[in-house]
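Protein chains get the first letters and strands the later ones, always in sequence-line order, with residue 1 at the start of each.
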Protein chains: 2
Amino acid sequence: MLIQTKFRNSSARFADNDGILAFAQPSAVTLYEAGTTIYGQGDPTGQLYMVEFGTVRLCRVSADGRRQISAFYFAGEIFGLEADQQRHFYAESVDSAGIRVLRPSQGDKFNQSMFQVALKGLTRAQEHLMVLGRQNGTEKVAAFLLDVADRQGADRLVELSMQRCDIADYLGLSFETVSRILTKLKCAGTIRIPHVKQIELVDRGELEYLRG
Amino acid sequence: MLIQTKFRNSSARFADNDGILAFAQPSAVTLYEAGTTIYGQGDPTGQLYMVEFGTVRLCRVSADGRRQISAFYFAGEIFGLEADQQRHFYAESVDSAGIRVLRPSQGDKFNQSMFQVALKGLTRAQEHLMVLGRQNGTEKVAAFLLDVADRQGADRLVELSMQRCDIADYLGLSFETVSRILTKLKCAGTIRIPHVKQIELVDRGELEYLRG
DNA sequence: CGAATTATTGAAACATGTCAAGGATCGTGG
DNA sequence: CCACGATCCTTGACATGTTTCAATAATTCG
């Protein structure tokens, strides 16, 4: 369910990612209801997207139904870059999200910006490889909470726009394990869970220690 | 232990990656003995490298000694791209490897090539995320064997330049588990192991099925 | 308020890790 | 060329973390 909206400058409060806005031709913001497909696997590539508000997940599902979320994107972040003409992952809104399409305007500066987007994506993916490959459940969850907090600019209170299942598919765990670990951290006094979707970082130092 | 060598065109048989050779200023080939550091974590960035022959691993070690190998690079492949001024991973030769430095020559075309390198790296990292996050040991090893075979252009006989421990740290497993899985695949008739470092893909279809 | 979805918790099964021993391979020097 | 030590690989037994299945609780939405 898509609803075209009109306001065009609400992202001013976020970093103008890599100067890309100056050189792309940004469209109006499109509103995606929670769980809506933004683009599908196999779709043609060619345009980038910017999250205006809300959260986006980039996913892939294997033949037998296991899902891996390769990244989340929050307000102000850019996604949709692919190496060739076909999309290898599909993108969905996690919650109600506003997405702006960035159409490529031919030009050096836009390419420069695309390069920055690619580098940022590469860095994130490599960081995530480390988490998926060599960390246990507790370390994964700690790393996730700190990452979300940083990207939200949150000092103590993290707003989890995604559900446990999304976190699990991002971290390579079952959602039950994610739930158990959050409970364990809560009991240890490291976090508080005032609401299912709000995590308060009580002992940030401990989380950073756990993250490794 | 480094030894400067002189031959400059032995990579002609490999794909001229993204046309980068035409625009960079390639140096002579430097020979790195097995297990030699090519660059360290924290080193300044700025130049790319091309594998002339042999294998390179890109690694990171956590505080308590767990290592994650984020990528292997084989002959003809380019590595060394980073998002900022500091290297976040370190690069080592796996076996005896010849490495060519690609110094950035200012210019549009080189940047274009860097972009291609970034995209390729991003794609690989994302593929690997899927493997690390959602595949079990057998699937990981199957995916690894097929990936190496493809990149070596090998039909049946895969030459494993790296040891079990490297494979394990790449796949997020223990080296004992890697060994056990190889044995299991051997007993199942899916592969043969004529030599510790040679894997014959007897039933490629089965491996592809296992990979998912 | 009630139904549907999502989250938590428990118990048992399973895959993988850890520790330990023995075997294969490799490089070196006699 | 062989013998030796060092390194790497394999295999076994057991410990552990995570998954799975199942039941209950909390939350969301109409």
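Across the protein-nucleic acid pair, A/I193 atom CD1 and C/dT9 atom C1' stand 13 Å apart, rounded to whole Å. D/dT11 atom C1' lies 16 Å from atom CG of B/L185, rounded to whole Å. Straight-line distance from the CD atom of B/Q163 to the P atom of C/dA24: 19 Å, rounded to whole Å. In this structure, the CG atom of B/D95 is 16 Å from the C1' atom of C/dG27, given to the nearest Å. Computed from coordinates, the B/L160 CG to D/dC8 P distance equals 15 Å when rounded to whole Å. Atoms NZ (A/K184) and P (C/dT8) sit 15 Å apart, rounded to a whole Å. Between the CG atom of A/L182 and the C1' atom of C/dT9 there is a distance of 14 Å, given to the nearest Å. Rounding to whole angstrom units, CD of residue B/Q198 and P of D/dC8 are separated by 19 Å.
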Derivation of the side chain to side chain contact (heavy atoms under 4.5 Å, CB included) call for A/F79 and A/I38: CA-CA 11 Å; A/F79 67 98; A/I38 299 166; 4.1 Å; yes

Could you give me the CA-CA distance, side-chain angles and deciding distance for A/R180 and A/E176, then say whether salt bridge (charged side-chain N to carboxylate O under 4.0 Å, His left out) is met? CA-CA 6 Å; A/R180 271 187 262 267; A/E176 294 97 328; 5.6 Å; no

Residues A/K140, A/D147; criterion salt bridge (charged side-chain N to carboxylate O under 4.0 Å, His left out); working and verdict: CA-CA 10 Å; A/K140 285 177 177 178; A/D147 182 43; over 6 Å; no

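In this structure the side chain of B/D169 reaches within 4.5 angstrom of the side chain of A/R134, judged on heavy atoms. Two residues are said to be in side-chain contact when any heavy atoms from C-beta on lie closer than 4.5 Å; A/H88 and B/M130 fail this criterion.
Annotation: cation-pi geometry not satisfied between B/R151 and B/F74 (NZ/CZ under 6.0 angstrom from ring centroid, within 45° of ring axis).
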For nucleotides 13-18 of chain C, tabulate all protein N/O to nucleotide N/O atom pairs closer than 3.5 Å, reporting atom names and distance.
from, atom 1, to, atom 2, distance (Å)
C/dT16, OP1, B/G137, N, 2.5
C/dG17, OP1, B/S174, N, 3.3
C/dG17, OP2, B/S174, N, 3.1
C/dG17, OP2, B/S174, OG, 3.1
C/dG17, OP2, B/T177, OG1, 2.5
C/dT18, O4, B/R180, NH2, 2.7

Nucleotides 28-30 of chain D: which of its N/O atoms have a protein N/O under 3.5 Å away?
from, atom 1, to, atom 2, distance (Å)
D/dT28, OP1, A/H195, NE2, 2.9

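Partners of B/Q152 under the side chain to side chain contact (heavy atoms under 4.5 Å, CB included) rule, at least two apart in sequence or in another chain, are B/V148, B/A154, B/V158, B/E159.
Ring centers of B/Y49 and B/Y39: under 6.0 Å apart, within the cut-off.
To the nearest 0.5 Å, atoms NE2 (B/H128) and CG (B/L171) are separated by 5.5 Å.
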